[in-house]
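Written below as structure tokens is the structure these notes are about.
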Amino acid sequence: MAQALHLARQGLYTTTPNPRVGCVIVKNNQFVGAGAHLKAGEPHAEVYALRQAGAQAEGADIYVTLEPCSHHGRTPPCVEAVIAAKPRRVIIAMQDPNPLVAGRSVAALRALGIEVVVGVMEHEARALNSGFICRMTRGLPYVRSKIAASLDGRTALNNGKSQWITGEQARRDVQHWRAQSCAILTGIGTVLADNPSMTVRLGDVTRQPLRIIVDSRLQTPVDSKMLDPVTLKHSPVLIAYAEDRNQCADRLQQAGAELVHLADSDNKVDLKALLQVLAQRGINDVLVEAGQALNGALLHAGLIDEFVFYYASKLMGDAAKAMFAMPELTEMQQAIDLQIIDIRQVGQDIRLQAKPLKASA
């Protein structure tokens, strides 16, 4: 199963909106077939592995990181190919959270007398497809917020300057988070202050994520890097807004942006509604690269699933901007506890991954 998970990671940057899946086939303690799902519309991992194994798949053990699909999508149901191969046993890391599958393949295999084992290395399998699982079970993508900060928790100087807090190796590491995300989310404050492109800049990665701007008042400049015509051909931009006081919508659409109107009761962008729209579009993973306003709003709404903090060996002082703009806390019980899941050095900086243990009140 560890080998199957290793194969599944080959699709880390490319399978969206599908899950990342790997499969290996073993007979007489020998590998006879292996495969991974690499791109939506192309064969699934089981199909590649069965093709390689050929007749040796009969009576073999099939290890797969996700329950084989049982429905017709862009490709035929994988469980039919597995059944036709007549394996001795099928070992599955985790049940498919997709309601169209959700145990149906396991039941079909068992009904034919094929032994099925579920739950081998399930934790690792779930971590590989956290976004797909969230979209299928909660109707929301998995939201990961990347924050670069000084050791005293500051993300920009008071005048807005923030380039560069972290070193080159940390910034390159961020590119891998971008590459495995379906979408990158930022706020209008970051667009106005930094004029970023928010694209993946890795030579071996061709798929660009959807770029999203939370811009309640439609202040995005039409000449911003986000709306560069060449970049837009490969990486579209979606702007979520609440009102258009200055009649900018037509100009932004003509510049190539897609607009979606999502106003909440405060006439700001309804962030949960935005995430629901993204999930409906097949977005599994969202990487947030924003300032304290949007990060604070997402955190306060309980919409962040994971943080990736990059801490640089700098001190920037209390006049610099903090990580989160949030209402003042008056009791320690109001603090948001985090579970640290990974910590390591990247170049001269420290990367810390953590998950909130509870939502904000």
Side-chain angles (χ1 to χ4, degrees), residues 12-14 16 131 141-149 155-156 160-166 168-216 218-241 252-253 255-260 262 269 271 274-275 277-278 281-298 303-310 321 323 351:
L12 192 63
Y13 302 155
T14 56
T16 181
Y142 188 86
V143 178
R144 181 181 284 113
S145 179
K146 184 277 295 183
I147 300 176
T155 59
K161 295 181 179 180
S162 62
Q163 296 180 344
W164 298 101
I165 293 176
T166 54
E168 183 178 346
Q169 287 178 262
R171 297 198 300 274
R172 182 170 178 80
D173 193 61
V174 172
Q175 294 297 317
H176 294 278
W177 293 114
R178 287 186 181 182
Q180 65 184 273
S181 301
C182 304
I184 299 173
L185 180 68
T186 193
I188 183 59
T190 298
V191 172
L192 294 176
D194 297 340
N195 193 22
S197 296
M198 293 292 181
T199 55
V200 177
R201 294 184 292 276
L202 293 174
D204 58 343
V205 175
T206 57
R207 184 192 65 84
Q208 290 288 342
L210 172 68
R211 296 170 295 158
I212 307 158
I213 305 172
V214 175
D215 182 4
S216 292
L218 282 184
Q219 298 173 276
T220 302
V222 292
D223 60 350
S224 64
K225 290 181 180 178
M226 295 279 281
L227 297 179
D228 175 74
V230 176
T231 307
L232 279 171
K233 292 179 181 178
H234 309 286
S235 182
V237 168
L238 174 69
I239 301 177
Y241 73 102
L252 288 168
Q253 288 174 321
E258 178 186 357
L259 270 58
V260 57
L262 297 167
V269 172
L271 296 174
L274 172 58
L275 294 177
V277 167
L278 296 179
R281 295 186 177 202
I283 299 294
N284 293 329
D285 300 272
V286 172
L287 180 66
V288 180
E289 296 195 46
Q292 61 179 1
L294 183 53
N295 270 313
L298 288 166
L303 296 173
I304 296 178
D305 297 295
E306 182 182 330
F307 294 102
V308 182
F309 297 107
Y310 289 89
K321 296 183 182 297
M323 295 181 181
R351 190 187 79 190

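In terms of heavy-atom proximity, Val191 sits nearest to Pro221 at CG1-CD, 4.3 Å. Of all heavy-atom pairs between Asp305 and Pro141, the closest is OD2-O, 3.7 Å. Here the closest non-hydrogen pair linking Leu294 and Gly187 is CD2-N, 3.7 Å. Shown here for Thr190 and Gly291, the closest heavy-atom pair between the two residues is OG1-N, 3.3 Å. Nearest heavy-atom pair across Ala156 and Ile165 is N-CD1, 4.2 Å. Taking each heavy atom of Gly282 and Thr16 in turn, the nearest pair found is O-OG1, 4.1 Å.
When side chains are defined from C-beta on, Met226 does not count as touching Thr220, because their heavy atoms never get closer than 4.5 Å. Contact of the Val237 side chain with the Leu232 side chain is registered, since non-hydrogen atoms from C-beta on lie closer than 4.5 Å. Under the 4.5 Å side-chain criterion, counting only non-hydrogen atoms from C-beta, Val286 is not in contact with Pro209. Using a 4.5 Å heavy-atom cutoff, the side chains of Val308 and Val174 are not in contact. Residues Leu185 and Leu278 fail the side-chain proximity criterion, which asks for heavy atoms closer than 4.5 Å.
In this structure a side-chain-to-backbone donor-acceptor pair under 3.5 Å is missing from Asp215 to Ile188. Counting only distance, with no hydrogens or angles, the side chain of Gln175 and the backbone of Arg201 share a donor-acceptor pair below 3.5 Å. A donor-acceptor pair is defined here as one N or O able to donate and one able to accept, closer than 3.5 Å; no such pair exists between the side chain of Ser181 and the backbone of Asp285.
Summarising the geometry, atom CD1 belonging to Ile213 is positioned 9.0 Å from atom CG belonging to Leu192; distances are rounded to the nearest 0.5 Å. Separating the CD1 atom in Ile184 from the NZ atom in Lys146 is a distance of 9.5 Å, to the nearest 0.5 Å. Between Leu303 atom CG and Leu298 atom CG the span is 6.0 Å, to the nearest 0.5 Å.
Not counting sequence neighbours, the partners of His234 by the side chain to side chain contact (heavy atoms under 4.5 Å, CB included) test are Gln208. For Phe309, the ring-ring contact (aromatic ring centres under 6.0 Å, His included) partners are Phe307, Tyr311, not counting sequence neighbours. Taking the side chain to side chain contact (heavy atoms under 4.5 Å, CB included) definition, one finds that Ala179 meets it with Tyr13, Val200, Leu202, Val205, sequence neighbours left out. Applying the ring-ring contact (aromatic ring centres under 6.0 Å, His included) criterion to Tyr241, with sequence neighbours excluded, gives His261. The salt bridge (charged side-chain N to carboxylate O under 4.0 Å, His left out) search around Glu258 returns Arg281, not counting sequence neighbours.
Listed by first then second residue, pairs satisfying salt bridge (charged side-chain N to carboxylate O under 4.0 Å, His left out) with a partner in residues 171-196 read Asp173-Arg351, Arg178-Glu289, not counting sequence neighbours.
Residue-environment remark: CD (Glu168) stays at or below the threshold of 12 foreign heavy atoms within 6.0 Å.
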**Prompt:** Can you check side chain to side chain contact (heavy atoms under 4.5 Å, CB included) on Asn295 and Met323, steps first, answer last?
**Reply:** CA-CA 7 Å; Asn295 270 313; Met323 295 181 181; over 6 Å; no
**Message:** Test side chain to side chain contact (heavy atoms under 4.5 Å, CB included) on Leu227 and Leu252; report intermediate values, then the result.
**Reply:** CA-CA 9 Å; Leu227 297 179; Leu252 288 168; 3.8 Å; yes
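One side chain, Ser235 or Arg211, offers a donor N or O that lies under 3.5 Å from an acceptor on the other.
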